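Heavy-atom basis, side chains included; hydrogens, waters and symmetry copies ignored. Lettering of chains follows the sequences in order, A, B, ..., and the numbering in each one begins at 1. What you are looking at is a predicted structure, and each value in this text was computed from that prediction instead of being measured.
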Amino acid sequence: MKSLKLIYNEREVEVEAGVRASALIELLGLGNPHPLGFRIEEEIVDLQTPLTRGGRVEPIFPGTPEALPILRHTAAHVLAQAVKELFPEARLGIGPATEEGFYYDFDVSEPFTEEDLARIEKRMKEIIKRRIPLEREEISKPEAERIFTERRETYKLELIREIPEERVSIYRQDDFVDLCRGPHLPHTGLIKAFKLLSVAGAYWRGDERNPQLQRIYGTAFFDKEELRAYLERLEEAKRRDHRRLGRELELFSIEEEVGPGLILWHPKGAIVRKEIEDFWREEHLKRGYQLVYTPHIALRDLWKVSGHLDFYAENMFAPMEIDERAYQLKPMNCPFHILIYKSKKRSYREFPLRYCELGTVYRYERSGVLHGLLRVRGFTQDDAHIFCREDQLEEEIFKVLDLVVYFLSVFGFREYQIYLSTRPEKYVGTEEIWEKAEGALAAALEKKGLPYEIDPGEGVFYGPKIDLKIRDVLGRFWQCSTIQVDFNIPERFDLTYMGPDNRPYRPIMIHRALLGSLERFFGVLIEHYAGAFPVWLAPVQVVVLTVADRHEPFAREMYDFLRGSGIRVELDARGERLSYKIREAQVKKIPYMVIVGDREVEERRLTVRTRGGENLTFAPEEFREKILREIREKIV
RNA sequence: GCCGGUGUAGCUCAGCUGGUAGAGCAGUGGAUUCGUAAUCCACAGGUCGGGGGUUCGAGUCCCCCCGCCGGCUCCA
């Protein structure tokens with residue numbers, strides 16, 4: 001037998017290949033707490049897995065983040081066992097651990113009901129209580145086929161046939177058997193806290209031509225407190241739901257009479273949008289962009305030239321006919337910007353040329369995917385197209401990254417996940433140009449000091465791209481920004497510029513959006529701030545509240561004083577009690593309440609209650625300066 | 001688009017096995033002038049998502065359609 005060298009904490013041990021990983025516990029002296037598995041180099045193995053490779057070893061202990069997927073994966077098996085016991089005719093799909101929990105897909109004749117879920121959960125508890133060991137076996141493919149044929153697990157058979165290796169692993173617990181790579185817990189009793197969350201249809205292997213299975217979602221943790229905290233977080237997310245806050249704070253609405261996925265921005269939402277747009281334009285002009293405006297529709301032929309009718313048709317609204325010519329609602333802004341480029345002969349001296357537009361586009365999205373502001377059919381992209389020479393690409397990407405990071409940080413987003421997507425199987429352009437462009441994107445990311453992951457083969461056919469996801473206060477990630485190089489469209493429109501040698505060249509084009517769409521970004525912002533916008537964005541920045549009618553003259557004076565400085569202030573002089581007015585202002589999440597009673601009138605000073613419940617006093621000028629500064633500096 | 005759930009006043013919801021609609025908040029009117037998260041009284045408000053059917057009778061049962069919610073796929 002081959003022997004393997006394993007390194008743990010500077011220590012080197014040797015074991016025979018094929019020995020189960022559990023042997024390492026004793027060998028490395030890891031009795032208490034008991035590890036659930038090991039990481040060997042990049043691979044995670046459970047205690048039952050025979051060792052096949054050497055390298056650096058790290059034990060994985062219960063309760064650690066690395067152990068969670070193991071726990072959840074086993075929870076998925078427990079779920080499957082429970083379902084098979086209660087619904088023997090159910091066929092198994094797949095059941096992995098996910099970011100937040102786990103799921104398992106089942107083919108059943110009747111979809112699961114809420115009551116079924118409760119029954120399944122109860123049975124899972126029994127299975128956990130019995131501390132059933134999970135036993136790993138490695139068997140030949142024909143052997144596996146025999147087992148799963150006998151059990152009529154047709155989906156598992158499909159999976160087995162696609163596995164390239166000669167041998168596969170299965171896990172048993174009681175009579176339940178699953179084709180599975182692992183890793184798993186040693187026994188079911190280690191699942192201390194779990195909950196089934198929902199059921200939904202899901203196509204086998206995500207392909208709608210395949211049968212639809214029933215997917216049960218759940219989550220699991222090492223202790224009850226963590227589960228409680230997770231469920232609490234779900235509740236918090238519900239409270240922050242932009243669809244709910246959008247209605248409560250009168251920010252926007254979606255009306256059945258208008259149509260699905262089409263947004264009405266109400267005055268309170270519109271003012272937030274205006275602030276974002278003003279900031280956006282100002283910043284773009286400062287950074288050498290030129291503002292353009294383009295129409296919402298164009299002749300269909302334009303979309304033929306651009307290629308959208310070939311590769312984007314299914315996302316476009318149907319054409320309309322006017323004066324016997326077909327027009328098309330625009331799904332993108334690029335063809336228009338390109339035609340502005342083409343409106344005259346271009347020189348290398350003009351480069352880089354940066355056109356930006358808050359351009360409203362319409363895309364057909366299937367009805368089932370629409371979601372509040374986050375997924376709509378009509379939206380405004382904060383779009384720009386940059387035309388440059390190949391040698392300017394890296395510098396331009398760097399500048400875009402610099403702008404993105406600055407822009408997002410102003411809204412309080414400072415953590416990102418960045419993906420660099422490289423050449424897919426089907427692509428246009430030469431391999432050489434792709435490599436150059438990918439290199440330029442990577443170099444710009446590195447120069448900006450932004451850590452990123454490479455998504456191999458995930459680029460669009462026309463060029464590589466950088467996608468940026470922002471992390472909100474609840475730790476959720478949202479894709480907003482995207483930067484894409486395009487080798488295709490300059491070709492299609494035959495774009496040229498004159499080089500210093502008086503010969504025509506083809507420019508490189510970059511598409512980019514920082515916020516993605518104003519609608520989606522607004523949705524993310526609402527949830528991020530839970531509707532309590534920072535002062536510069538708040539639809540109402542200050543409300544002046546009177547204690548009694550006799551305080552109205554001074555309150556009105558203060559209201560006029562603040563309004564005169566451009567502060568968005570309201571006056572609440574109704575004959576209601578102060579506590580009622582405070583409550584109302586609080587519910588509307590207005591940052592500052594100015595309370596005017598006898599004391600304030602007498603001393604000509606302002607008592608200010610903040611949204612956080614703090615009480616401060618200011619001279620009127622002092623308060624005005626404070627607000628103006630917060631607006632100017634966009635203090636979050 | 002598909003699977004499941006759901007749709008009663010502006011909002012949140014009640015309405016048992018079919019006997020033709022109710023509450024709280026919001027709105028309007030009045031009273032109260034009250035100092036840090038809901039003062040009292042009155043009034044008004046619904047073709048019960050839309051259409052068709054069963055029935056003496058449908059918000060309640062059946063069928064079709066639409067919207068919304070949770071997923072699948074995709075993306076800003």
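Every residue was checked against the side-chain hydrogen bond (donor to acceptor under 3.5 Å, both in side chains) condition with A:Glu570, not counting sequence neighbours, and none meets it. Considering only residues two or more places apart in sequence or on other chains, A:Asp598 meets the salt bridge (charged side-chain N to carboxylate O under 4.0 Å, His left out) condition with A:Arg550. With sequence neighbours excluded, no residue forms a side-chain hydrogen bond (donor to acceptor under 3.5 Å, both in side chains) with A:His296. Qualifying side-chain hydrogen bond (donor to acceptor under 3.5 Å, both in side chains) partners for A:Arg366, counting only residues two or more places apart in sequence or in other chains: A:Glu208. Under the rule for a side-chain contact (heavy atoms from CB on, under 4.5 Å), the partners of A:Phe87 that lie at least two apart in sequence or sit in another chain are A:Val83, A:Glu89, A:Ala90, A:Phe112, A:Asp116, A:Arg119, A:Ile120.
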> Can you give one letter per nucleotide of nucleotides 3-13 of chain B, 5' to 3': B if a protein heavy atom sits under 4.0 Å from the base, S if only from the sugar-phosphate, - if neither?
Replying inline: BS------SS-

> For nucleotides 25-31 of chain B, read 5' to 3', which letter fits each nucleotide if B means a protein heavy atom sits under 4.0 Å from the base, S means only the sugar-phosphate is that close, and - means neither?
Replying inline: -S-----

Distance-only criterion, 3.5 Å: show the donor-acceptor pairs between side-chain atoms of residues 408-418 of chain A and protein atoms not counting sequence neighbours.
{"from": "A:Ser409", "atom 1": "OG", "to": "A:Val405", "atom 2": "O", "distance (Å)": "3.3"}
{"from": "A:Ser409", "atom 1": "OG", "to": "A:Tyr406", "atom 2": "O", "distance (Å)": "2.7"}
{"from": "A:Arg414", "atom 1": "NH2", "to": "A:Ser409", "atom 2": "O", "distance (Å)": "3.4"}
{"from": "A:Tyr416", "atom 1": "OH", "to": "A:Phe413", "atom 2": "O", "distance (Å)": "3.0"}
{"from": "A:Gln417", "atom 1": "OE1", "to": "A:Tyr419", "atom 2": "OH", "distance (Å)": "3.0"}

Can you give the donor-acceptor pairs under 3.5 Å from side chains of residues 376-384 of chain A to other protein atoms, not counting sequence neighbours?
{"from": "A:Arg377", "atom 1": "NE", "to": "A:Glu365", "atom 2": "O", "distance (Å)": "2.9"}
{"from": "A:Arg377", "atom 1": "NH2", "to": "A:Glu365", "atom 2": "O", "distance (Å)": "2.6"}
{"from": "A:Thr380", "atom 1": "OG1", "to": "A:Arg273", "atom 2": "NH2", "distance (Å)": "3.2"}
{"from": "A:Thr380", "atom 1": "OG1", "to": "A:Thr360", "atom 2": "OG1", "distance (Å)": "2.8"}
{"from": "A:Gln381", "atom 1": "OE1", "to": "A:Asn333", "atom 2": "ND2", "distance (Å)": "3.3"}
{"from": "A:Asp382", "atom 1": "OD1", "to": "A:Leu514", "atom 2": "N", "distance (Å)": "3.4"}
{"from": "A:Asp382", "atom 1": "OD1", "to": "A:Leu515", "atom 2": "N", "distance (Å)": "3.1"}
{"from": "A:Asp382", "atom 1": "OD1", "to": "A:Gly516", "atom 2": "N", "distance (Å)": "3.0"}
{"from": "A:Asp382", "atom 1": "OD2", "to": "A:Trp280", "atom 2": "NE1", "distance (Å)": "3.1"}
{"from": "A:Asp382", "atom 1": "OD2", "to": "A:Leu514", "atom 2": "N", "distance (Å)": "3.0"}
{"from": "A:Asp382", "atom 1": "OD2", "to": "A:Leu515", "atom 2": "N", "distance (Å)": "2.9"}
{"from": "A:Asp383", "atom 1": "OD2", "to": "A:Asn333", "atom 2": "ND2", "distance (Å)": "2.9"}

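Of the residues in residues 92-104 of chain A, none has a non-hydrogen atom less than 4.0 angstrom from any atom of RNA chain B. If you check residues 602-614 of chain A against RNA chain B, the residues with a heavy atom closer than 4.0 Å are A:Thr607, A:Arg609, listed by number.
Distance noted for atom C1' between B:rG67 and B:rG50: 10 Å (whole Å). Nucleotides B:rG27 and B:rA44 place their C1' atoms 9 Å apart, quoted to the nearest Å. Spacing of P atoms, B:rG7 relative to B:rG15, comes out at 11 Å, to the nearest Å. Atom C1' of B:rA58 sits at a distance of 11 Å from the matching atom of B:rC48, rounded to the whole Å.
Taking 4.0 Å as the cut-off between side-chain N and carboxylate O, A:Lys626 and A:Glu622 do not count as a salt-bridged pair. At a threshold of 4.0 Å, the pair A:Glu250-A:Lys589 does not count as salt-bridged, since none of the basic side-chain nitrogens sits closer than that to a carboxylate oxygen.
Residue contacts for A:Asp598: at a heavy-atom cut-off of 4.0 Å it reaches a base atom on one of the strands shown.
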Shorter than 3.5 Å, N or O on both sides, protein versus nucleotides 74-76 of chain B: list them out with atom names.
{"from": "B:rC74", "atom 1": "O2", "to": "A:Arg375", "atom 2": "NH1", "distance (Å)": "2.7"}
{"from": "B:rC74", "atom 1": "O2", "to": "A:Arg375", "atom 2": "NH2", "distance (Å)": "2.4"}
{"from": "B:rC74", "atom 1": "N3", "to": "A:Arg375", "atom 2": "NH1", "distance (Å)": "3.1"}
{"from": "B:rC75", "atom 1": "O2", "to": "A:Arg520", "atom 2": "NH2", "distance (Å)": "3.3"}
{"from": "B:rA76", "atom 1": "O3'", "to": "A:Cys480", "atom 2": "O", "distance (Å)": "3.1"}
{"from": "B:rA76", "atom 1": "O2'", "to": "A:Arg520", "atom 2": "NH1", "distance (Å)": "3.4"}
{"from": "B:rA76", "atom 1": "N6", "to": "A:Glu365", "atom 2": "OE2", "distance (Å)": "2.9"}
{"from": "B:rA76", "atom 1": "N6", "to": "A:Arg375", "atom 2": "NE", "distance (Å)": "3.3"}
{"from": "B:rA76", "atom 1": "N6", "to": "A:Val376", "atom 2": "O", "distance (Å)": "3.0"}
{"from": "B:rA76", "atom 1": "N1", "to": "A:Val376", "atom 2": "N", "distance (Å)": "3.2"}
{"from": "B:rA76", "atom 1": "N3", "to": "A:Ser517", "atom 2": "OG", "distance (Å)": "3.4"}

